[in-house]
Amino acid sequence: DPAPAPRDVLRFPENFGWGAATSAYQIEGAAKEDGRGESVWDTFSRTPGRTLNGDTGDVAADHYHRWPEDLDLMRDLGLHSYRFSISWPRVQADGTGKPNQRGLDFYRRMVDGLNERGIAPMATLFHWDLPQALQDAGGWENRDTALRFADYADTVFRALGDRIPVWLTVNEPKTVVQNGYLTGHHAPGKQDPDAAYLVAHHLQLAHGLAVQAFRATGEPGRIGPAINLHPCYPADDSPAAAAATRLYDGYENRLYLDPILRGSYPSDVLADLGPDSRLVRGIADGDLAVISAPVDLLAVQYYTPIYVTADGGTERRWPTSVAAWQQIYPDGFYDILTRVTRDYGPIPLTVTENGLPTIDVLAADGTVDDAARVDFLRDHLSAAHRAITAGVPLESYHVWSLLDNFEWEAGYDQRFGIVYVDYPTQRRILKRSAHWYRQVIRDNGV
Ligand code: PNW
């Protein structure tokens, strides 16, 4: 039995869920095994110059082979919930047609292993690894990809729906839009703003169609979207900065929240894009009814705030992590959680990502001292606790990430795990933050 928590612990509600998150391409490896097809991230990471050091997810944390050990580790940490993603090209190599049984079997075994250990599985259907064959047919610019996604989702629901209580549809549509189609830093590496916002629409359509497919199966679980939110603040007191911040917030947050939770696109963003934009022209009759199919919960991911200048640019206000895009600002977590509840009603919330990258060193004595991560998590969990006290119906929290993994274009240098992965040996070593998090779970608080 856990020791009684010290009196100064900020206690979370009874039954609060403590978890950790990963995604398929970032941890699994086994890129060519058991009939897995290729995804846009295989193509992108194997293209010279796209990722740091030319790193790929070919081996990653080798979770595909080491999952029993990884599940034991989760049990040892006391996790209540594990958020992972299902690789579409493992289930349908080309993104369509007859499912690949060996791919489904991998997830069935892993999910059964979680349930046997008393850890609730939370499955994301799409964490950016679009089958390359679908990209070749236009990818998310092609409306048909949303229909293919619904078919894939239906396959997965029928195979695993009886053993997964919580489903997430699309992970961070915004990141696909912005990194995949604006900056080009993520697969498929395009810089095409007009395409980007049509992609946003098709990702949301895919979400809605998957929700409908889920309801049609009659499975008892819950389903929702996973959206990363950026609280936006004006960089100064000018009216121009205030106006620029409102529009910026439209592009960062309301563009993804409003269609799903209100059944409409934010009018300021649509006006800004203009009537000839591919997004505005791409919205068919009935789409918003599909996209706003009722969800059971909203999964929120928070990493950083944004400060918007009068000319619509951005400015840095707080110290960054080793990732230049991340300013460390725990109050932003409070702001975005309370804002979502205030603006969109008391829908159950789960935090499915929040975390800090570090450049860790495995010391000679076999320990990894990631003190910065402990500080980051403590401060963010304190902010979440304040949000709960203010009435936010937050039911669980998942740290990003359980394991060090393939950090997309940043390769393997930036480590988000509470568990260190020694890549040459694939040995797992609990960082200081993992020991700390185990105690948080025992105390049900920070
Ligand atoms: C998320 N931003 O992406 C992803 O869901 C994870 O796969 C990823 O490893 C993790 O965060 C860390 O990067 C993000 O610009 C990408 O604020 C960009 C931002 C936030 C999250």
Side-chain angles (χ1 to χ4, degrees), residues 19-28 39-41 44-45 51-52 55 57 60-61 63 83-87 122-130 168-187 196 203 225-233 248-249 251-253 255-256 299-308 314 316-318 320-330 332-333 335-336 350-359 373 376-377 380 398-419 421:
T22 63
S23 90
Y25 188 69
Q26 294 179 274
I27 65 164
E28 286 179 358
S39 82
V40 294
W41 268 97
F44 189 78
S45 65
T51 67
L52 183 74
D55 287 340
H63 173 74
R83 176 198 179 219
F84 61 98
S85 83
I86 294 172
S87 157
M122 181 186 276
T124 308
L125 288 163
F126 179 70
H127 201 122
W128 308 347
D129 43 2
L130 183 73
L168 305 173
T169 53
V170 174
N171 179 68
E172 299 190 351
K174 174 168 60 187
T175 309
V176 177
V177 170
Q178 295 187 353
N179 297 16
Y181 287 85
L182 290 179
T183 67
H185 292 161
H186 280 190
L203 285 164
I227 303 183
N228 62 323
L229 298 171
H230 288 82
C232 299
Y233 307 97
Y248 213 100
D249 174 71
Y251 277 102
E252 292 292 326
N253 302 312
L255 178 57
Y256 305 94
V300 173
Q301 316 195 154
Y302 171 73
Y303 288 92
T304 189
I306 296 177
Y307 290 83
V308 184
T314 61
R316 188 165 74 77
R317 173 71 56 90
W318 306 101
T320 62
S321 70
V322 299
W325 53 265
Q326 183 180 33
Q327 300 176 54
I328 300 173
Y329 184 58
F333 198 20
D335 287 348
I336 209 71
T350 171
V351 169
T352 41
E353 288 185 27
N354 171 240
L356 181 81
T358 49
I359 310 288
R373 178 167 293 100
F376 178 96
L377 295 177
H380 283 75
H398 301 76
V399 60
W400 182 271
S401 174
L402 175 71
L403 299 171
D404 290 340
N405 60 54
F406 176 70
E407 177 51 16
W408 309 111
E409 80 277 29
Y412 291 97
D413 281 10
Q414 294 182 12
R415 294 170 175 270
F416 273 89
I418 58 171
V419 176
V421 175

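Whatever order the structure lists ligands and atoms in, that order sets their numbers, starting from 1. A quick note: this is a predicted structure, and the numbers were derived from the prediction, not measured.
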Subject >> Atoms in ligand 1 flagged as close to Glu407, the criterion being non-hydrogen separation under 4.0 Å >> reply: 8 (C), 9 (O), 12 (C), 13 (O)
Original post:
In terms of atom number and element, which parts of ligand 1 are under 4.0 angstrom from non-hydrogen atoms of Phe416?
Top reply: 12 (C), 13 (O)
Subject >> Among Thr183, Thr175, Thr304, closest by any non-hydrogen atom to atom 18 (C) of ligand 1 >> reply: Thr175
**OP:** Measure from the ring center of His186 to the ring center of Trp41 and say whether it is less than 6.0 Å.
**Re:** yes
Original post:
What atoms of ligand 1 come within less than 4.0 Å of a heavy atom belonging to His127?
Top reply: 4 (C), 5 (O), 6 (C), 7 (O)
Original post:
Quick one: do Arg415 and Glu407 make a salt bridge, cutoff under 4.0 Å?
Top reply: no
**OP:** For Tyr25 and Ser45, run side chain to side chain donor-acceptor pair (under 3.5 Å): C-alpha distance rounded to whole Å, both residues' side-chain angles, the deciding distance at 0.1 Å, then the answer.
**Re:** CA-CA 11 Å; Tyr25 188 69; Ser45 65; 3.0 Å; yes
Original post:
What's the shortest heavy-atom distance between Tyr329 and Tyr302, and which atoms?
Top reply: O-OH, 2.6 Å
Subject >> Contact check: Trp400 vs ligand 1, nitrogen or oxygen atoms, below 3.5 angstrom >> reply: yes
Subject >> Heteroatom proximity flag, Trp325 to ligand 1, N/O under 3.5 Å >> reply: no
Subject >> Contact (N/O only, under 3.5 Å) between Asn228 and ligand 1 >> reply: no
**OP:** Output all residues satisfying side-chain hydrogen bond (donor to acceptor under 3.5 Å, both in side chains) with Asn405, sequence neighbours left out; order by chain, then residue number.
**Re:** Gln26, Ser401
**OP:** Could you say whether the N/O atoms of Ser23 and ligand 1 ever approach to under 3.5 Å?
**Re:** no
Original post:
Taking only heavy atoms of Asn171, which atoms of ligand 1 are found under 4.0 Å from at least one of them?
Top reply: 5 (O)
